[in-house]
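Everything below concerns the one structure shown next.
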Number of protein chains: 2
Amino acid sequence: MCCRNRHSENFFKGAVYGIKILKTIALFSGLSADQLETLSYIAVRKAYKRGEMIFHEGNKGNGIYIVETGRIKVFKLSMDGKEQILHVYGPGHTFGEVPVFQGKNFPASSMALEPAGIIFLPRDRFVKLITSTPALGMNMLADLSRRLRDFTVQIEALSLKEVPARLAAYLLTLSREQNNEARVSLPISKAQLSNLIGTTPETISRMFKKMGDAGLIAVQTRTIEIQDKEGLKELSESGRL
Amino acid sequence: MCCRNRHSENFFKGAVYGIKILKTIALFSGLSADQLETLSYIAVRKAYKRGEMIFHEGNKGNGIYIVETGRIKVFKLSMDGKEQILHVYGPGHTFGEVPVFQGKNFPASSMALEPAGIIFLPRDRFVKLITSTPALGMNMLADLSRRLRDFTVQIEALSLKEVPARLAAYLLTLSREQNNEARVSLPISKAQLSNLIGTTPETISRMFKKMGDAGLIAVQTRTIEIQDKEGLKELSESGRL
DNA sequence: ATAAAACCTTGATCTGAATCAAGACACTAC
DNA sequence: GTAGTGTCTTGATTCAGATCAAGGTTTTAT
């Protein structure tokens, strides 16, 4: 029927390789082998195709999701179809957890940006585990806190910074995440990037060109060479090209 | 010295009236009398004057704060002094908790908007309590989840809605919070309101006038009469006056 | 009651970036 | 290798709302 998930599912069910995978996830850091094994019986593995929806805003929240492979976006849409991306996540990251602890529905939608493997933990079982595993609860609190901090930065950017500053800040963040001061690789298309930092593809193009002309960067399709890191930093703070 | 707090402090220390106050706070809902008593020994009461800073962005996070009386704002400033308010909170609300679970520093600043009584719970003692009180941990997770949901709404508003829609949405939210469909009272000045919804005092004035002329509302200084709730709803969704 | 401070309103002007259109470039499927 | 699809770039135009200035109103302190 219309609601049947098209993506395939399978289970770890105590398998050693499953426990190994779960062990690499920051949320489960500090958990014992027993606890990880319990988790492996709860976990459902799902595979999504590029462009496939993982959940829709307003649908009932049913559990917590973790990216195992690939990349996903969490986003909201306006009534006339404009998209604001809240997060783009890769392996190890959790998402979809707001309704787990607060009830109600998903506050945003999620979609696979490329073929993605997702680990799903059903709500009731996960909440039960958290209650009996204080370390997991503390990790979850840390996770949500990090998310809150990220949102304050995003609100600050959207409200207090102009587009050039937001783009410069994004490139600097990417540079830190990719541990590379000289060159970064865009993990998403420029159109998706424009929806993440709150602008349009045309504006991204114009800003990249201006930043190139100013000697700050050199753009090669999806690879950006950082030529003047200090200049980029200054642009991310003051805003003016 | 420069860091001495000017606000006065006192303690509940097991007092019955203190336990009564703590019992009214949603975060402590479901806690036993013993647990509430333990909390009362941890809690520090502080009084702030209007305009007094509670904490500064970038300072080391030292604990969790709860509004007992009055009203506070949590905000960020740009380099040229523009302010974006993240939250305005009244009695019962918690704030300042991001660094408690994630370490690092306060991601934003906080200030009393009027004389305010604040309950402060030092970090180490609070974390210890959470570890030994699963119900408190679950309440905290629910609290942070609610905060995350609020932020997604704020990001959606800032990025996908124009100012008239944001103002209409704010009035509708106020109406729900104040349980009054016909009239709302602005809890903050119009200048502060402009910093909350991401615009300027001049624009707030112009929008209120236009909305008044369109028969949606009638403004009397800090009291707003809602004349066309459906119209306001439509404006909050479609955006166009 | 009055002065000072804080807040708000109105008018005029400016601007960053969205929108629309059109075409070029890159990638994918066959 | 080629056609189709998706993505990106460039030019021209428009506009929502910011900025600046000035004066009015409300609130607070004495």
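Each chain gets a letter, A, B and so on, in the order the sequences are listed, and its residues count up from 1. Source: prediction; values computed, not measured.
- If you check the side chains of A:R166 and A:S236, you find no donor sitting under 3.5 Å from an acceptor.
- Under 4.0 Å is where a charged nitrogen must lie from a carboxylate oxygen, and between A:R147 and A:E97 at least one such pair does.
- For residues 148-199 of chain B, every residue pair satisfying the ring-ring contact (aromatic ring centres under 6.0 Å, His included) rule, not counting sequence neighbours, is listed here: B:H87-B:F151.
- Taking the C1' atoms of five terminal pairs at each end of the helix from C:dA1-D:dT30 to C:dC30-D:dG1, the two resulting helix axes are inclined by 60°, rounded to 10°.
- Following rounding to the nearest Å, B:F208 (CZ) and C:dT10 (P) show an atom-to-atom distance of 13 Å.
- With hydrogens and angles disregarded, no donor-acceptor distance shorter than 3.5 Å links the side chain of B:E234 to the backbone of B:G231.
- Applying the side chain to side chain donor-acceptor pair (under 3.5 Å) criterion to B:T223, with sequence neighbours excluded, gives no partner residue.
- A:T203 places no side-chain N or O within 3.5 Å of a backbone atom of A:T199 that could act as its donor or acceptor partner.
- The minimum heavy-atom distance between A:Q154 and A:I85, with the atom names listed, is NE2-O, 3.2 Å.
- The backbone N or O of B:I21 lies less than 3.5 Å from a partner atom in the side chain of B:T24, making a donor-acceptor pair.
- A donor-acceptor pair under 3.5 Å is formed between the side chain of A:S78 and the backbone N or O of A:K82.
- Residues B:I217 and B:Q227 have side chains not in contact (no heavy-atom distance under 4.5 Å, counting atoms from C-beta outward).
- For B:K76, the salt bridge (charged side-chain N to carboxylate O under 4.0 Å, His left out) criterion is met by A:E156, B:E57, not counting sequence neighbours.
- A salt bridge between B:E68 and B:R45 is present, with a side-chain N of the basic residue lying under 4.0 Å from a carboxylate O of the acidic one.
- For the segment residues 155-167 of chain B, the set of residues with a heavy atom within less than 4.0 Å of an atom of DNA chain D comprises B:E162, B:V163, B:P164, in numerical order.
- Near DNA chain C, meaning a heavy atom under 4.0 Å away, there are no residues from residues 69-83 of chain A.
- A heavy atom lying under 4.0 Å from DNA chain D marks the following residues of residues 185-202 of chain B, by number: B:G198, B:T199, B:T200, B:E202.
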Could you write out each protein N or O paired with an N or O of nucleotides 2-4 of chain C at a distance under 3.5 Å?
none

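- With contacts defined as side-chain heavy-atom distances shorter than 4.5 Å, the pair B:L235/B:L216 qualifies.
- First and last contacts of DNA chain D with chain A, using any nucleotide atom under 4.0 Å from a protein heavy atom and ordered 5' to 3', fall at D:dT7 to D:dA12.
- Listed by residue number, the members of residues 216-228 of chain A with any heavy atom below 4.0 angstrom from DNA chain C form an empty set.
- Between the CZ atom of A:R50 and the C1' atom of C:dA29 there is a distance of 14 Å, given to the nearest Å.
- Using modelled atom types and a 3.5 Å distance limit, the side chains of B:S145 and A:Q102 yield no donor-acceptor pair.
- Applying the salt bridge (charged side-chain N to carboxylate O under 4.0 Å, His left out) criterion to B:R71, with sequence neighbours excluded, gives B:E114.
- Side chain to side chain, B:S205 and B:E202 fail the donor-acceptor criterion of an N or O pair below 3.5 Å.
- B:D150 has no carboxylate O lying under 4.0 Å from a charged side-chain N of B:R146, or vice versa, which leaves the two without a salt bridge.
- Classified by interplanar angle (parallel below 30°, tilted 30° to 60°, perpendicular above 60°), the ring pair B:F106/B:F55 is parallel.
- One N or O donor and one acceptor, one from the side chain of A:R206 and one from the base of C:dT19, sit under 3.5 Å apart.
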Donor-acceptor list for residues 177-198 of chain A side chains, cut-off 3.5 Å, not counting sequence neighbours:
from, atom 1, to, atom 2, distance (Å)
A:Q178, OE1, A:S185, N, 2.9
A:Q178, NE2, A:S185, O, 2.8
A:N180, OD1, A:A182, N, 3.0
A:N180, OD1, A:R183, N, 3.1
A:N180, ND2, A:R183, O, 3.3
A:S189, OG, A:Q192, N, 3.1
A:K190, NZ, A:T221, O, 3.3
A:Q192, OE1, A:K73, NZ, 2.9
A:S194, OG, A:A191, O, 2.6
A:N195, ND2, A:E83, OE1, 2.7

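- Taking the side chain as every heavy atom from C-beta outward, A:H93 and A:I66 never approach each other to under 4.5 Å.
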